[in-house]
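First the proteins, then the strands, lettered A, B, ... as listed; each starts at 1.
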Amino acid sequence: MRKLWRINKYVFLLILILPVKIVAQRKLKGRVLIAGDNTPLFGANVYLKHHPSGGTATNMNGSFVLKISKNELADSLIISSVGYHKKIIALSSVQWNGIDIFHIHKDVSSLNKITVTSNPSLTEEFSTEKLNRISIYMSPVSEGDPLKVISSLPASTNTSETANPALRGSSGKYSRVILNGVPLYNPVRDLQLNGLGNFSILNTEIVDNETVYAGNPPLKYGNSIAGLVDVRTRKRLKNQQLKIDGGLVGAGMLFETPIKDNTTFMQVFGNYHLSDAYLSVNKQNSPHLKKFRSQDIGLNFHYTISNHLSANTYSYFINDNYNAKNLFYNYAGNIHFNKKRYFNVFNVKYIMNNIVVEFNNEFNVSNLHYRFGIIREDTKVNQFYNVVDMKYLPNGHISFTLGITDGLFIDKFTNTLPQNYYSIHPEDPSYGFRHREKNLNIETYGYVRYTAPKVAIGAGFRKNLSIKNQESYLSYQGNLRYTFISQSSVHISAGKYNGYTVPSFYIQQFNHVSAVQYAIGYRYKSNNSTFGISVYKKREIFPKYFKDVGRGQQTTKDIKGLEISTQYQMRHFLFSASYTWLDSKFKKGVQWIKSSNSMNYLVKLSLSHTSIKHLNFSINYITRPGHFYTPIINGEKISKTRGFKPVFGTYNAQQLNSYSRIDLTANKVISYNNLSIIPFFTLTNILNNENQRTPVYSRDYGKISNYWYYEKRLIYFGVQVSF
Amino acid sequence: MKSKLFIIILLLFSTSNVFAETTHTSDDSLLYHVQGKIKNAFLNSFQSHNPAKLETIEKKLKNFKNTNRIVQYWRAYTLCYESIYHIKMGNKRASLKKLKKGINILKIIKTKSSDDYALLAMMQGYAIQFSGGMHAAVLATKAKRNAQNAVDLDKKNVRAWYVQGLNNYHTPKQFGGKTIVKICLTKAISLKEENRQNPYLPTWGKVQSYGLLVTFYINQKKFAKAQKVLKTGLKKYPDNYTLKQDEKTLADK
């Protein structure tokens with residue numbers, strides 16, 4: 001009994017104390033509702049400003065009970081939850097009677113913060129492919145090049161063995177490469193090194209991601225009537241790295257370092273390429289290439305000024321030289337090519353709540369000297385491009401873009417050309433001329449996109465401000481992607497597109513070009529397999545160089561295509577296959593002629609093995625019918641010259657032999673502490689197939705004396721070392 | 001004896017009345033300290049070789065009328081544990097299925113918090129083992145980006161730093177892996193414990209950060225540093241199984 005009393009004594013004391021404590025505290029009962037629809041907010045934090053480690057949370061009914069001691073009554077109550085504006089209420093203003101109701105407002109800006117900063121593109125839902133830096137490196141055919149990777153896509157109908165993107169049957173001239181919002185014309189280097197990698201003037205290390213539009217290019221970007229590759233540079237760099245590579249074609253290096261945090265950084269790279277070692281190994285199978293030498297240097301600097309403001313500048317200089325054998329009509333001679341080029345792309349981006357404002361500027365100058373037979377071409381190009389772009393993302397569903405661009409292109413030619421377009425021999429008659437072509441193109445554009453969990457719809461326009469004699473045009477497009485059963489989606493797109501050609505050797509003028517496109521595609525994507533099918537139809541209007549008349553004429557081209565592709569991943573192995581059917585024809589006078597790249601099959605097969613521990617390798621096979629070409633049936637002797645005038649047969653009536661090629665690439669990653677060594681090896685056209693490129697005619701065009709071939713078996717190897 | 005019982009009941013009653021700060025309805029009773037419940041269900045499932053307990057929690061969360069993002073978070077978290085259970089049981093197909101389900105749930109949360117991004121990044125990083133080649137690379141990039149989003153949204157979130165460190169730990173060196181593990185995990189363990197009394201929000205990440213940092217140092221053969229981190233970790237979490245295992249490993253060095 002005494003023991004029990006001893007326990008009870010303490011207990012009673014405790015019970016006596018407790019009410020005192022209760023009296024010294026007040027209980028605040030409340031309910032948190034979402035302003036607007038009055039639904040209860042679950043899981044919101046409820047606490048006192050000066051006592052943040054205490055507090056409570058709202059339950060499913062939005063209700064809470066918070067005990068507050070008397071000496072805390074001067075404090076403020078805070079209610080916070082992700083996606084809502086923080087609410088601060090002075091306790092002195094609380095009613096304390098019954099249950100206080102607190103309304104909390106949605107914070108739209110915080111909802112979109114990540115969307116706005118990390119996903120500035122409003123059109124990527126409608127793209128064919130989005131690749132990041134790692135997937136470029138991992139691609140079985142890219143050989144680490146951001147543009148060559150595109151050639152592995154089913155939509156790539158490039159038949160020239162260069163890295164210049166040619167998509168869905170259109171000429172590579174009408175597809176655009178965009179770098180940070182500005183067009184990058186002629187993005188390919190080392191043109192004479194067809195068949196090998198490292199073609200583009202972009203270094204993969206500066207690339208964050210690239211989005212490929214096989215057709216219906218987003219109207220945010222102008223001057224593309226075919227496809228588009230939108231390349232974005234990096235926004236973060238965490239580690240300092242020095243990368244040195246050396247191979248058969250020369251050496252290169254890259255150094256990158258963060259400067260402040262990981263959002264201000266610098267990347268600098270340079271390459272020195274020369275032909276000596278390459279030709280000593282591949283001379284026999286590369287008979288047309290005599291010599292090449294190129295030097296380039298690039299600097300990318302990203303500067304994050306504040307959470308809202310950032311800037312990026314990318315400067316690049318290249319001096320590209322080569323000497324190679326070329327064939328034009330019946331003249332075979334050496335090309336001497338030298339091109340110096342410098343460009344700078346500058347971007348400023350300002351992000352404020354739901355608004356992103358960008359200013360993008362490009363300055364590009366180049367100086368080209370080209371000698372071939374009697375042809376002497378000296379061309380200076382000055383190009384300027386400015387864009388002001390504004391995006392508004394009021395909520396997670398709808399977004400708008402508006403912008404204005406001005407592009408100024410000035411080409412100065414000092415050329416010597418043959419008097420007769422077919423007489424190229426150095427002793428044939430020629431004429432010289434100087435010419436200046438200028439084109440100022442000002443355009444405005446707008447795009448609106450609506451997204452819901454299963455649907456994305458977009459529509460856009462682009463209108464030029466017709467200056468002087470420019471034709472007034474309006475481009476427009478619509479896109480729809482519908483996703484069903486989470487892994488399958490259908491994409492429908494259509495539009496009309498306008499632009500201008502860039503002057504070239506064949507057509508030295510700016511000409512208006514346009515296209516109408518329709519496409520529908522289905523895509524299935526699971527974790528280890530993909531399947532896609534697309535059909536498209538296009539009509540392009542552009543100037544075409546006709547060999548039989550030796551000049552360019554406006555023509556209409558109709559393209560119809562079908563693409564079927566699949567990929568299957570099994571552990572470290574990836575198998576890819578694609579089939580393309582392409583029906584392309586153009587109008588010559590009143591007649592429809594089959595295009596040279598029309599093909600009833602283009603098959604690409606690839607098997608790759610990826611492993612960090614073991615060997616990475618890839619075997620790729622491509623086959624297609626040969627190109628159609630226009631036969632020369634005879635030659636007419638031209639008086640007072642050494643030349644013959646070709647007499648052409650039916651346009652594109654003949655076909656070259658079918659083309660096929662198997663390539664092998666392999667590399668091995670060897671790591672030791674912070675050192676990474678990657679030896680790599682490439683063997684192109686393993687079977688040494690003689691793929692016909694063009695017929696070679698006798699001097700009087702009496703017969704086909706031979707054929708020029710695409711690259712035969714070539715070997716390339718080297719090593720990359722990273723610290 | 002009767003009076004003793006009375007006193008105890010009285011004490012319990014008075015305590016619950018006075019100290020209860022969070023009232024919870026029958027609907028959200030499951031969500032009250034749900035992290036612990038999921039962990040216990042996982043351990044139970046693991047011991048009994050039967051995922052029923054985890055599945056029950058997931059089913060209950062799925063049937064919740066309220067589609068609040070916190071409910072979705074815990075459903076994805078449960079699916080993550082279900083996925084781990086199945087992989088431990090050698091059922092890769094089931095593991096991947098649960099993982100994908102969880103990832104999809106997190107993906108469609110429109111108002112993602114730092115924690116949502118952190119869990120999403122962790123699950124995407126975990127999914128890489130089921131993939132290969134370019135798919136793995138794409139997944140790795142997504143995981144990296146989401147971990148970065150988690151850090152950007154809340155630099156004081158332990159789980160954000162932990163997941164960023166975890167993903168970098170599992171990224172091969174050639175792709176920038178192992179370079180920020182130390183920075184991220186050191187940051188995670190330097191952050192204060194969750195200071196809000198919100199029983200519905202996650203609190204994991206800190207002890208896992210200690211564990212991973214110790215493993216990282218052991219792999220780098222930096223045993224003194226591993227020992228130092230382990231000592232601090234064990235001081236805070238003396239009963240943690242992983243840390244105790246690390247203690248045994250380090251004792252042999």
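- The local environment of NZ in B:Lys37 is crowded, with over 12 non-hydrogen atoms from other residues, nucleotides or ligands closer than 6.0 Å.
- Proximity to chain A is absent for every atom of B:Ile108, based on heavy atoms less than 4.5 angstrom apart.
- Counting all heavy atoms, side chain and backbone alike, B:Asn198 lies closest to A:Ala57 at OD1-CB, 3.1 Å.
- The salt bridge (charged side-chain N to carboxylate O under 4.0 Å, His left out) search around A:Glu256 returns A:Arg234, not counting sequence neighbours.
- Atom OH of residue B:Tyr32 and atom CG of residue A:Asn59 lie 11.0 Å apart, to the nearest 0.5 angstrom.
- Heavy-atom distances place no part of A:Thr39 under 4.5 Å from chain B, backbone and side chain included.
- Two residues are said to be in side-chain contact when any heavy atoms from C-beta on lie closer than 4.5 Å; B:Ile180 and A:Asn262 fail this criterion.
- Heavy-atom minimum distance, B:Leu31 versus A:Phe42: CD1-CZ, 3.3 Å.
- Expressed to the nearest 0.5 Å, how far OG1 of A:Thr56 lies from OH of B:Tyr200 amounts to 7.5 Å.
- Atom CD1 of residue B:Ile183 and atom CG of residue A:Asn239 lie 7.5 Å apart, to the nearest 0.5 angstrom.
- With rounding to the nearest 0.5 angstrom, the OG1 atom of B:Thr141 is 10.5 Å from the CG atom of A:Leu131.
- Considering CG of B:Leu30 and CE of A:Met60, their distance stands at 9.0 Å, rounded to 0.5 Å.
- At most 12 heavy atoms of other shown residues, nucleotides or ligands fall within 6.0 angstrom of atom NZ in B:Lys60.
- Salt bridge annotation for B:Arg145-A:Asp208: absent, with no cationic side-chain nitrogen under 4.0 angstrom from a carboxylate oxygen.
- Other residues, nucleotides and ligands place no more than 12 heavy atoms under 6.0 Å from the NZ atom of B:Lys182.
- One finds the CG atom of A:Asn132 at 9.0 Å from the NZ atom of B:Lys144 (value rounded to the nearest 0.5 Å).
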